[in-house]
Amino acid sequence: MSWVYIENLKKYINENVEIKGWLYNKRSSGKIHFLQIRDGTGFVQGVLEKSKVDEEIFENAKRLRLESSIIVQGKVREDPRAPSGVEIEVSNLKIVQVPIEDYPIGKKEHGIDFLMDHRHLWLRSKKQFHILRIRHEIVKAIREFYDSRGFVLIDTPIFTGAIGESAGNLFQVNYFDYGKAYLAQTGQLYLEAACMAFGKVYNFGPTFRAEKSKTRRHLTEFWMNEAEVAYYEHEDNMKLQEDLVSYVIQKTLEHAENHLKALDRDISKLEKIEPPFPRISYDDAVKLLQRKGFNIKWGDDIGGDEETAISQEFDKPVIVFNYPRHIKAFYMQPDPQRPEVVLCDDMLAPEGYGEIIGASQRIHDYDLLVERIKENNLPLESYDWYLDLRKFGSVPHSGFGMGLERVVAWICGLRHIREAIPFARTLYRLHP
RNA sequence: UCCGGCGUAGCUCAACCGGUAGAGCGGGUGGCUGUUAACCACUAGGUUGGGGGUUCGAGUCCCUCCGCCGGAGCCA
């Protein structure tokens with residue numbers, strides 16, 4: 001009898017198969033047991049009838065507790081009463097292990113603190129199954145997008161010296177006798193180096209921010225995809241972002257629609273996501289917010305509530321571009337027509353999910369970059385190799401970073417980003 | 001770091017103006033051949049987060065500490 005995964009059961013109608021999995025719930029009456037089985041690929045009900053199996057097997061099923069690991073054998077049967085359309089007529093049941101304690105996660109609702117404390121077990125539940133499968137498809141789509149366009153994957157380091165946008169929110173670690181190292185909060189500067197070697201490059205990996213943020217949009221460790229392209233200017237950059245996000249949505253719909261439906265996600269809202277995306281300048285965004293009653297003036301940064309208000313005007317992600325120079329990072333290229341603004345953009349996801357991409361064209365002129373570093377009171381010597389890039393064949397180039405968990409939360413329709421990553425690291429949570 | 005909220009059975013929550021602690025789920029026992037968070041009956045289960053105070057009396061009011069949640073700032 002062959003071992004079959006639940007996701008493939010429909011190919012084995014009326015055949016005898018073996019399923020290796022776990023019991024996630026059980027309902028029974030005196031002469032029939034309904035075993036709810038999962039195996040990591042899906043969920044199926046096994047029906048065990050007293051009149052059709054050995055007495056011993058039926059009695060063994062009574063001993064099963066939630067999350068018992070079991071191997072069942074039986075015939076695959078189409079049944080309109082089953083949510084997935086098939087169930088297993090169990091003929092044999094092997095118990096691998098009966099849990100030695102009661103399974104802590106019950107069928108009724110739990111509080112978030114309890115669930116996060118049991119994240120290692122919570123992963124087994126249905127909602128998490130669907131979310132993390134969707135995350136997997138999103139990651140695949142991101143990689144496919146770049147690979148199909150001739151980008152080269154350049155993995156940027158996680159241990160770095162003190163280089164990045166600002167030092168205040170870096171995690172420090174001891175690095176042998178060299179002193180302190182810092183966990184990367186961006187790989188951008190390294191990608192800028194790499195794009196001068198490979199033209200089109202991207203990275204994808206964990207990023208660390210020691211910001212004491214306590215919101216539904218923040219993690220201290222999150223996955224970020226960054227891209228950097230030599231000879232790309234602001235407009236090319238925005239186009240690339242639209243194409244990426246649209247591709248990811250379309251591929252996720254293609255490969256994970258069943259999981260999205262299982263989460264009750266409104267698919268129609270995702271189906272609309274295709275280029276071009278609405279674009280609004282920072283200037284117009286401020287005017288829009290003023291009309292909506294926000295107390296904001298030109299030069300102020302756009303906060304979380306304001307972002308939500310802007311994104312509510314559109315049913316696609318909206319690109320807000322050309323922010324004032326003084327509220328953005330030192331390396332951003334000034335607008336040649338208006339030096340008080342820089343050639344940058346943020347992409348805000350719809351439905352209040354906030355910023356998913358931060359992007360800019362980078363300064364390629366050596367003297368201008370030195371001036372900006374000094375202006376921001378940053379140590380010139382830390383940027384020695386970064387400045388080198390402007391000495392040798394410097395060209396205009398642009399790039400961006402996309403936060404994976406925010407994209408996952410948006411696509412899945414999650415209220416909080418912590419469920420968009422297998423083991424979330426937040427301000428007060430390092431365990432499990 | 002700041003502002004707000006919460007902490008009662010293993011879990012999710014009740015408990016009026018301060019008056020002697022209650023339900024569902026889960027556990028145990030029994031019943032039930034189509035259940036979909038199955039159902040029905042019985043049953044066990046509590047130092048009300050820790051410490052201090054007010055009071056004849058505190059889950060309830062006050063102080064303090066701890067833990068977590070939400071938001072702000074900052075960002076993806």
Side-chain angles (χ1 to χ4, degrees), chain A residues 24-36 43-53 58 62 65-67 77 79-84 87 89 99 101-118 121-122 125-127 164-166 168-169 185-188 204-226 241 300-308 327-329 346-349 353-359 400-410 415-418 420-421 426-429 431:
Chain A
Y24 74 88
N25 197 7
K26 178 177 78 166
R27 288 180 283 274
S28 63
S29 59
K31 289 169 183 155
I32 186 167
H33 292 301
F34 298 100
L35 308 177
Q36 311 300 322
F43 302 83
V44 74
Q45 173 167 272
V47 182
L48 190 53
E49 291 179 74
K50 192 172 186 177
S51 59
K52 292 185 180 170
V53 294
F58 194 82
K62 284 189 185 170
R65 311 168 93 162
L66 295 192
E67 287 302 316
R77 191 170 65 191
D79 193 313
R81 288 171 294 191
S84 68
E87 57 184 30
E89 198 179 309
E101 291 175 13
D102 293 327
Y103 190 63
I105 298 182
K107 299 177 219 174
K108 292 260 173 132
E109 286 181 8
H110 292 284
I112 190 63
D113 188 31
F114 179 83
L115 288 171
M116 288 304 284
D117 281 343
H118 294 83
L121 301 176
W122 188 23
S125 63
K126 271 188 175 171
K127 185 180 177 196
E165 296 176 27
S166 58
N169 45 21
Q185 57 174 346
T186 171
Q188 178 200 319
F204 201 169
T207 310
F208 307 88
R209 301 275 167 94
E211 294 156 0
K212 295 199 167 181
S213 300
K214 284 179 56 66
T215 79
R216 72 186 70 189
R217 300 184 305 280
H218 287 86
L219 298 169
T220 55
E221 175 184 306
F222 67 97
W223 279 62
M224 183 158 68
N225 155 238
E226 295 172 281
Q241 296 159 39
D300 292 344
D301 207 352
I302 294 177
D305 290 346
E306 287 97 332
E307 284 183 356
T308 301
I327 56 172
K328 286 290 178 180
D346 285 352
M347 187 187 291
L348 311 179
Y353 281 95
E355 184 179 345
I356 52 172
I357 285 179
F400 62 87
M402 178 170 75
L404 176 65
E405 288 75 17
R406 287 187 182 176
V407 172
V408 173
W410 164 44
R415 212 185 78 259
H416 198 298
I417 196 174
R418 69 189 149 215
I421 186 169
T426 57
L427 189 47
Y428 295 120
R429 193 169 289 281
H431 175 89

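Just so we're on the same page: letters track the sequence lines, and every chain starts at 1.
- Under the side-chain contact (heavy atoms from CB on, under 4.5 Å) criterion, A:Ser28 pairs with A:His33, sequence neighbours left out.
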Could you write out each protein N or O paired with an N or O of nucleotides 27-29 of chain B at a distance under 3.5 Å?
none

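- Inter-residue side-chain proximity for A:Ile32 and A:Val47 is flagged as met; some heavy-atom pair is nearer than 4.5 Å.
- For A:Trp122, there are no ring-ring contact (aromatic ring centres under 6.0 Å, His included) partners at least two apart in sequence or on another chain.
- A search for salt bridge (charged side-chain N to carboxylate O under 4.0 Å, His left out) contacts involving A:Lys50 returns nothing, not counting sequence neighbours.
- Rounded to an integer number of Å, the gap from CZ of A:Phe208 to P of B:rA76 is 16 Å.
- Distance check on atom P: B:rC61 versus B:rC6 gives 10 Å, rounded to whole Å.
- Between the side chain of A:Ser213 and the base of B:rG73, at least one donor-acceptor pair of N or O atoms lies under 3.5 Å.
- Remark: C1' of B:rC74 and NZ of A:Lys328 are 11 Å apart, rounded to the nearest angstrom.
- Looking at residues two or more places apart in sequence or on another chain, you find a ring-ring contact (aromatic ring centres under 6.0 Å, His included) between A:Tyr24 and A:Phe43.
- Side-chain atoms of A:Arg209 and A:Met224, non-hydrogen and from C-beta on, do get closer than 4.5 Å to each other.
- Summarising the geometry, the separation between OH on A:Tyr353 and C1' on B:rC75 is reported as 19 Å, rounded to the nearest angstrom.
- To the nearest angstrom, P of B:rU35 lies 13 Å from CD of A:Glu49.
- Spacing between atom CD1 of A:Ile417 and atom P of B:rC75 amounts to 16 Å, rounded to whole angstrom units.
- Picking from B:rU33, B:rA76, B:rC68 the nucleotide with the shortest atom distance to the side chain of A:Ser51 gives B:rU33.
- Within the 4.0 angstrom heavy-atom criterion, no nucleotide atom of any strand lies near A:Gly106.
- A:Glu67 meets the salt bridge (charged side-chain N to carboxylate O under 4.0 Å, His left out) test with A:Arg38, A:Arg124; sequence neighbours excluded.
- Between the C1' atoms of B:rU48 and B:rA23, the separation comes to 16 Å (whole Å).
- The side chain of A:His110 contributes no N or O atom lying less than 4.0 Å from OP1 or OP2 of B:rG10.
- Counting any heavy atom pair closer than 4.0 Å across all strands shown, A:Arg415 reaches no nucleic acid atom.
- Taking the P atom of each, B:rU55 and B:rU60 are spaced 16 Å apart, rounded to whole Å.
- Judged by distance alone, with hydrogens and angles left aside, A:Arg209 brings no side-chain donor or acceptor close enough to the base of B:rG73 to form a pair under 3.5 Å.
- If A:Ile356 and A:Arg418 are placed on RNA chain B by their nearest nucleotide, the residue sitting closer to the 5' end is A:Arg418.
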Writing each nucleotide of RNA chain B 5' to 3' as (, ), [, ], | or . by Watson-Crick or G-U pairing under 3.5 Å yields (((((((..((((.....[..)))).(((((.......))))).....(((((..]....))))))))))))....
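- Set against B:rC69, B:rA76, B:rU1, the side chain of A:Lys212 has B:rU1 as its closest nucleotide.
- For A:Arg77, the salt bridge (charged side-chain N to carboxylate O under 4.0 Å, His left out) partners two or more places apart in sequence, or in a different chain, are A:Glu87, A:Glu89.
- Nucleic acid contact class of A:Glu87 (heavy atoms, under 4.0 Å, all strands): base.
- With P as the reference atom, B:rG19 and B:rA58 are 11 Å apart, rounded to whole Å.
- Residue A:His431 contributes atom NE2, which lies 15 Å from atom C1' of B:rC68 at whole-angstrom precision.
- Using a 4.0 Å cut-off, no side-chain N or O of A:Arg216 falls inside it from OP1 or OP2 of B:rA72.
- Residue A:Lys50 places none of its side-chain N or O atoms closer than 4.0 Å to OP1 or OP2 of B:rU33.
- In this structure, the side chains of A:Leu219 and A:Thr426 come closer than 4.5 Å at one or more pairs of heavy atoms.
- Using a 4.5 Å cut-off on side-chain heavy atoms (C-beta onward), A:Leu121 and A:Pro104 make contact.
- Heavy atoms of A:Ile357 sit under 4.0 angstrom from primed sugar atoms or phosphate atoms, though from no base atom.
- Nucleotides B:rA14 and B:rG71 place their C1' atoms 28 Å apart, quoted to the nearest Å.
- Put simply, CG on A:Asp117 is 17 Å from P on B:rG7, counting in whole angstrom units.
- In this structure, B:rC17 shows a glycosidic angle within 90 degrees of zero, which is the syn conformation.
- If you check every strand for non-hydrogen atoms under 4.0 Å, A:Glu211 touches a base.
- Nucleotides B:rC69 and B:rG30, compared at atom C1', are 42 Å apart to the nearest Å.
- A:His110 places none of its side-chain heavy atoms less than 4.5 Å from the side chain of A:Asp117.
- If you check every strand for non-hydrogen atoms under 4.0 Å, A:Asp346 touches nothing.
- Rounded to whole Å, the separation between the P atoms of B:rA9 and B:rG51 comes to 16 Å.
- With sequence neighbours left out, A:His218 forms a side-chain contact (heavy atoms from CB on, under 4.5 Å) with A:Glu211, A:Ser213, A:Thr215, A:Arg406.
- Among the protein residues, A:Phe114 comes within range of the sugar-phosphate backbone only, with heavy atoms under 4.0 Å from sugar or phosphate atoms but none that close to a base.
- Looking at heavy-atom distances under 4.0 Å, A:Gln45 makes contact with a base.
- Across the protein-nucleic acid pair, A:Leu404 atom CG and B:rA76 atom P stand 15 Å apart, rounded to whole Å.
- The residue A:His416 sits close only to the backbone: its heavy atoms come under 4.0 Å of sugar-phosphate atoms, none of a base.
- When the P atom is used for both B:rG5 and B:rU64, the distance is 14 Å, rounded to whole Å.
- Between the base of B:rC32 and the side chain of A:Arg27 there is no donor-acceptor pair shorter than 3.5 Å.
- The side chain of A:Asn169 lies closest to B:rC74 when the candidates are B:rC75, B:rC74, B:rC68.
- Side chain A:His218 to base B:rC75: a donor-acceptor pair is found below 3.5 Å.
- Listed by chain and residue number, nothing satisfies the salt bridge (charged side-chain N to carboxylate O under 4.0 Å, His left out) test with A:Lys126 (two or more places apart in sequence, or in another chain).
- The A:Asn25 side chain lies nearest to B:rA37 when the options are B:rG34, B:rC75, B:rA37.
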Quick tally for nucleotides 39-44 of chain B: nucleotides whose base has a protein heavy atom under 4.0 Å get B, sugar-phosphate-only ones S, the rest -, giving ------
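- Between the side-chain ring of A:Phe222 and the base of B:rA76, a stacking contact exists by the 5.5 Å and 30° definition.
- Toward the 5′ end of RNA chain B lies the nearest nucleotide of A:Gly303, the other residue of the pair A:Gly303 and A:Trp223 mapping further downstream.
- In this structure A:Tyr428 satisfies the ring-ring contact (aromatic ring centres under 6.0 Å, His included) test with no other residue, sequence neighbours excluded.
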